[in-house]
Amino acid sequence: MIDIQHAEPRHRTGWERLWRQNIIQFGAPDMPNDVIDGLWLRILDPGHPMQAWLALDDTASKDDQSVIGLAHLIIHPHTFTLRNVAYLEDFWVSPDHRSRGIGGLMMDALQKQARQNNWLRLYWLTASDNHGAQRLYDRLAKRVDSVLYKIDVA
């Protein structure tokens with residue numbers, strides 16, 4: 001059975017295993033350990049706007065192997081409403097567990113959290129060539145025609 005829950009300290013090893021898969025895939029394989037440690041501290045800090053939700057497989061033999069999916073959210077205000085919105089910064093399912101409906105389960109759980117917390121919206125970006133993710137997202141959400149600009153200042 002798959003359970004979706006907020007990250008807890010005991011999930012660190014499994015979360016980090018998946019996070020390292022994600023950063024290799026998306027071009028940041030040399031992310032310093034202090035950044036990874038800092039990200040984990042933010043996730044665990046209830047006063048920080050960042051959250052992590054994990055997909056856990058309760059049939060896995062080791063706790064670090066039970067973490068099979070992750071979602072990082074950043075909760076923030078919005079200028080058109082007094083309600084918060086949630087930006088889905090990272091979404092990753094272990095390649096060994098894809099095509100089992102885990103991404104859909106995770107998205108359902110995130111939507112449930114959004115409703116329970118009275119967030120106006122859950123939104124995210126994905127790469128234009130990430131066709132696998134887009135197949136899932138096109139089933140679950142309305143595609144918005146936007147163009148992203150960015151300026152790296154550091």
Distance in Å, [X] [atom1] paired with [Y] [atom2], rounded so as to fall on 0.5 Å steps:
X: Thr126; Y: His131; atom1: OG1; atom2: NE2; value: 10.0 Å
X: Ser94; Y: Ile68; atom1: OG; atom2: CD1; value: 7.5 Å
X: Ile4; Y: Leu70; atom1: CD1; atom2: CG; value: 11.0 Å
X: Met50; Y: Leu41; atom1: CE; atom2: CG; value: 12.0 Å

### His6: ring-ring contact (aromatic ring centres under 6.0 Å, His included) partners, not counting sequence neighbours
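By the ring-ring contact (aromatic ring centres under 6.0 Å, His included) rule, His6 matches Trp53.
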### Task
Identify, with sequence neighbours excluded, every residue that meets ring-ring contact (aromatic ring centres under 6.0 Å, His included) alongside His76.
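Only Tyr123 meet the ring-ring contact (aromatic ring centres under 6.0 Å, His included) criterion with His76.
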### Query
In the hydrophobic clustering that connects Ile, Leu, Val, Met, Phe, Trp and Tyr at side-chain heavy-atom distances below 4.5 Å, which members other than Val153 occupy its cluster, ordered by chain and number?
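For the cluster that includes Val153, the remaining residues are Ile151.
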### Query
Do Ile2 and Val67 belong to the same hydrophobic cluster, where Ile, Leu, Val, Met, Phe, Trp and Tyr are linked whenever their side-chain heavy atoms lie under 4.5 Å apart, directly or via other members?
no
Heavy atoms only: give me the nearest [X]-[Y] pair and the separation to one decimal.
X: Asn118; Y: Arg83; value: O-NE, 3.1 Å
X: Pro29; Y: Ile24; value: CB-CG1, 4.0 Å
X: Leu122; Y: Trp124; value: O-CZ3, 3.8 Å
X: Ile43; Y: Ala52; value: CG2-CB, 3.4 Å

[X]: partners by side-chain contact (heavy atoms from CB on, under 4.5 Å), with sequence neighbours left out:
X: Glu8; result: Gln5, Arg10, His11
X: Phe26; result: Asn22, Trp92, Asn130
X: Ile75; result: Gln51, Leu73, Asn84, Ala86, Trp119
X: Asp58; result: Met1

### Message
Name the residue from Trp15, Trp19, Tyr87 that meets the side-chain hydrogen bond (donor to acceptor under 3.5 Å, both in side chains) definition with His72.
### Response
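With His72 as partner, side-chain hydrogen bond (donor to acceptor under 3.5 Å, both in side chains) holds for just one option, Trp15.
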### Within residues 36-47 or reaching into it, pairs that qualify as side-chain hydrogen bond (donor to acceptor under 3.5 Å, both in side chains) - sequence neighbours excluded
Arg12-Asp37
### Message
Under the side-chain hydrogen bond (donor to acceptor under 3.5 Å, both in side chains) definition, can you give me all pairs with a residue in residues 133-143, not counting sequence neighbours?
### Response
Gln134-Arg143, Asp138-Arg143
### Query
Does Arg20 have any salt bridge (charged side-chain N to carboxylate O under 4.0 Å, His left out) partners at least two apart in sequence or in another chain, and if so, which?
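With sequence neighbours excluded, Arg20 shows a salt bridge (charged side-chain N to carboxylate O under 4.0 Å, His left out) to Glu16, given in chain and number order.
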### Task
With sequence neighbours left out, write down each residue that passes salt bridge (charged side-chain N to carboxylate O under 4.0 Å, His left out) with Glu89, or none if nothing qualifies.
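Glu89: no salt bridge (charged side-chain N to carboxylate O under 4.0 Å, His left out) contacts found.
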Quiz: residues 99-115 side-chain donor-acceptor pairs under 3.5 angstrom, not counting sequence neighbours:
from	atom 1	to	atom 2	distance (Å)
Gln111	NE2	Met107	O	3.4
Gln113	OE1	Asn117	ND2	3.3
Gln113	NE2	Gln116	OE1	3.3

### Message
Is the shortest side-chain heavy-atom distance between Leu18 and Leu54 below 4.5 Å?
### Response
no
